[in-house]
Amino acid sequence: MTLHVLVRTLGIHGGTERFTHGFVHWAVQNGHSICVHSVRIENPIDGITHQPIPIYTRGRFLKMAELDYRLQQRAKELHDPQICMVRGGASPIYRAGGGCHAHWMAKRPWTVGDALERHIDQRVCHHAQTIVVNSQRSISLLDRHYGIDPRKCILLRNGVDIMHFTNKGDMERPHAPTMIFVGHDFRRKGLDITLKWLQLLPEWCLWVMGSDPNARYYQRLAEAMGVHQRVRWLGRVDEPAYWLRSATVCVLPTRYDPAANVCLEALACGTPVVTSTENGASELLWEDWMIRDLKQSDGIIDVFSHLLEVHSDLSNHARTVAMQHTASKCYEKLWAIGLQTGEA
């Protein structure tokens with residue numbers, strides 16, 4: 001039986017894209033029949049069938065509306081099991097990797113495009129027979145904002161390739177304790193908050209991995225805060241494991257994240273994580289001080305001082321936690337969910 005996977009882009013940049021790419025690659029390696037429906041392919045995978053989804057409009061609003069329409073049409077045409085990885089369409093299984101858009105809207109000024117995305121998000125969640133989420137927090141938010149019955153949600157945490165993301169291998173040797181920030185939406189991920197932390201920690205350095213259209217703004221902000229000489233801008237990196245295991249800690253004071261993949265990847269590299277209560281991945285962390293309430297700005301100096309004192313123990317524990325959430329186990333469960341729902 002063929003499983004159809006619907007996604008905007010088959011690639012490795014972005015949490016949903018990387019998860020989908022890993023899942024499809026795993027399926028092919030395990031001899032499963034899989035067909036990918038996407039607007040474009042950035043990182044091809046041999047052994048898959050591809051059905052393109054044509055998009056002719058321009059601009060966020062029109063492209064979003066057209067993608068939703070095309071996904072709905074495609075879902076109606078398919079008879080085999082299908083999973084939709086992106087907001088839109090009418091598939092029986094929806095993996096809500098992006099969490100609850102209404103919650104993110106409530107935290108910032110929003111546009112007409114955001115309103116459309118919220119409408120699509122709510123409709124897709126109500127239509128789906130099964131919603132696959134990657135954190136308990138996402139279940140609560142879908143219930144709060146959309147009235148989704150938690151019983152139709154399946155908690156399936158993100159998985160990590162523990163052979164690729166490992167604490168063994170080549171490493172950068174920084175001269176000072178170093179925090180690493182990873183993300184492609186600097187405002188949402190909290191880079192400005194990270195720079196404020198860096199300002200309070202004169203002995204620390206910061207690596208920034210990822211891209212953002214407003215990257216120059218954050219570079220100027222670092223200069224204005226007097227920390228620019230301690231910031232290294234890495235840009236987009238296809239192989240982040242090298243940098244993750246080289247850093248002292250991975251920081252992600254995100255304003256909203258359903259469950260940031262990078263946190264689990266950092267743990268697999270033996271690198272502890274400090275993140276926010278707004279990140280579903282915080283459910284994996286075992287020490288209260290590793291989870292920050294962004295409304296409280298005090299105490300960060302004590303947090304990082306304590307981190308250095310217990311770092312060796314943290315590194316071993318981090319790897320142990322990650323090994324409980326391997327990519328292969330995650331993908332195997334998702335495949336089973338897809339087939340079981342398709343047969344229902």
Side-chain angles (χ1 to χ4, degrees), residues 4-21 36-42 50-78 82-128 131-134 138 141-142 144-148 183-192 210-218 236 254-258 260 278:
H4 295 263
V5 175
L6 288 71
V7 67
R8 181 183 291 108
T9 302
L10 185 64
I12 59 173
H13 295 290
T16 294
E17 289 76 15
R18 283 163 58 195
F19 179 91
T20 305
H21 193 275
V36 175
H37 303 252
S38 68
V39 177
R40 58 184 176 273
I41 292 182
E42 291 181 351
H50 179 244
Q51 293 292 334
I53 300 175
I55 298 294
Y56 301 106
T57 53
R58 293 185 178 181
R60 180 191 175 199
F61 187 94
L62 292 178
K63 289 172 69 175
M64 193 187 313
E66 184 180 4
L67 178 61
D68 180 37
Y69 170 77
R70 303 243 177 237
L71 288 171
Q72 290 186 59
Q73 295 302 112
R74 191 63 56 90
K76 293 177 182 178
E77 297 169 358
L78 298 175
Q82 57 180 285
I83 299 178
C84 189
M85 302 285 196
V86 63
R87 291 188 179 112
S91 297
I93 310 175
Y94 169 50
R95 180 181 179 269
C100 178
H101 190 65
H103 183 70
W104 174 228
M105 282 179 62
K107 300 177 73 63
R108 78 198 209 290
W110 50 271
T111 65
V112 175
D114 285 315
L116 174 61
E117 189 165 2
R118 183 194 189 282
H119 169 75
I120 293 173
D121 194 27
Q122 184 170 11
R123 179 186 57 75
V124 170
C125 287
H126 277 283
H127 179 275
I131 304 174
V132 180
V133 297
N134 49 23
S138 287
L141 292 177
L142 291 174
R144 182 198 308 175
H145 290 280
Y146 299 154
I148 299 299
H184 293 294
D185 183 345
F186 289 170
R187 182 185 179 279
R188 179 168 67 87
K189 300 286 186 177
L191 180 55
D192 57 323
S211 61
D212 187 284
N214 298 315
R216 182 56 190 148
Y217 164 81
Y218 291 93
R236 282 198 174 199
T254 179
R255 292 178 168 91
Y256 177 55
D257 236 308
E278 290 290 341

Would you call His4 and Ile83 a side-chain contact if the rule is heavy atoms closer than 4.5 Å? no
Do Ile53 and Leu71 come close enough that some side-chain heavy atom pair is under 4.5 Å?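 The answer is yes, as the side chains (C-beta and beyond) meet within the 4.5 Å cut-off.
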CZ/Arg216: more than 12 non-hydrogen atoms of other groups inside 6.0 Å: yes
Ser38: side chain to side chain donor-acceptor pair (under 3.5 Å) partners, not counting sequence neighbours: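 Partners of Ser38 by the side chain to side chain donor-acceptor pair (under 3.5 Å) criterion, ordered by chain and then number, come out as His50.
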Locate the shortest heavy-atom distance separating [X] from [Y]; write the atom from each residue and the value.
| X | Y | value |
| --- | --- | --- |
| Gly113 | Met64 | O-CE, 3.6 Å |
| His184 | Gly14 | CD2-N, 4.3 Å |
| Leu78 | Gln82 | CB-NE2, 3.6 Å |
| Ser138 | Val133 | CB-CB, 4.1 Å |
| Arg187 | Asp192 | O-OD1, 4.4 Å |
| Leu116 | Phe61 | CD2-O, 3.6 Å |

For the atom pair [atom1] ([X]) and [atom2] ([Y]), what is the distance rounded to the nearest 0.5 Å?
| X | Y | atom1 | atom2 | value |
| --- | --- | --- | --- | --- |
| Ile55 | Tyr69 | CD1 | OH | 11.5 Å |
| Asp121 | Met105 | CG | CE | 10.5 Å |
| Arg188 | Arg255 | CZ | CZ | 11.0 Å |
| Met85 | His21 | CE | NE2 | 12.5 Å |
| Ile131 | Cys125 | CD1 | SG | 4.0 Å |
| His127 | Arg123 | NE2 | CZ | 8.0 Å |

Strictly by modelled atom types, are [X] and [Y] linked by a side-chain donor-acceptor pair under 3.5 Å?
| X | Y | answer |
| --- | --- | --- |
| Arg74 | His37 | yes |
| His103 | Glu278 | yes |
| Glu66 | Thr57 | yes |

Whether Thr254 side chain and Tyr256 backbone form a donor-acceptor pair below 3.5 Å: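 Yes, Thr254 side chain to Tyr256 backbone: donor-acceptor pair under 3.5 Å.
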Taking the side chain from Arg87 and the backbone from Gln122, do they hold a donor-acceptor pair closer than 3.5 Å?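 No; zero donor-acceptor contacts below 3.5 Å.
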Once the angle between the rings of Tyr218 and Phe186 is folded into 0 to 90°, is it parallel (under 30°), tilted (30 to 60°) or perpendicular (over 60°)?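 Ring orientation, 0 to 90° scale: perpendicular.
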NZ/NE/NH1/NH2 to OD/OE distance under 4.0 Å, Asp212 and Lys189: no
Would you mind telling me which of Val5, Ile93, Leu6, Val7 makes a side-chain contact (heavy atoms from CB on, under 4.5 Å) with Cys84?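 Exactly one pass, corresponding to Leu6.
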Between His126 and Tyr146, is the gap from one ring center to the other below 6.0 Å?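 Judged by ring-centre distance (under 6.0 Å), His126 and Tyr146 do not meet the cut-off.
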Using salt bridge (charged side-chain N to carboxylate O under 4.0 Å, His left out) as the criterion, list what pairs up with Arg108, not counting sequence neighbours.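 So Arg108 forms a salt bridge (charged side-chain N to carboxylate O under 4.0 Å, His left out) with Asp114.
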Please list, chain by chain and in numerical order, all residues satisfying salt bridge (charged side-chain N to carboxylate O under 4.0 Å, His left out) with Arg95, sequence neighbours excluded.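 Listed in chain order: nothing, the list is empty.
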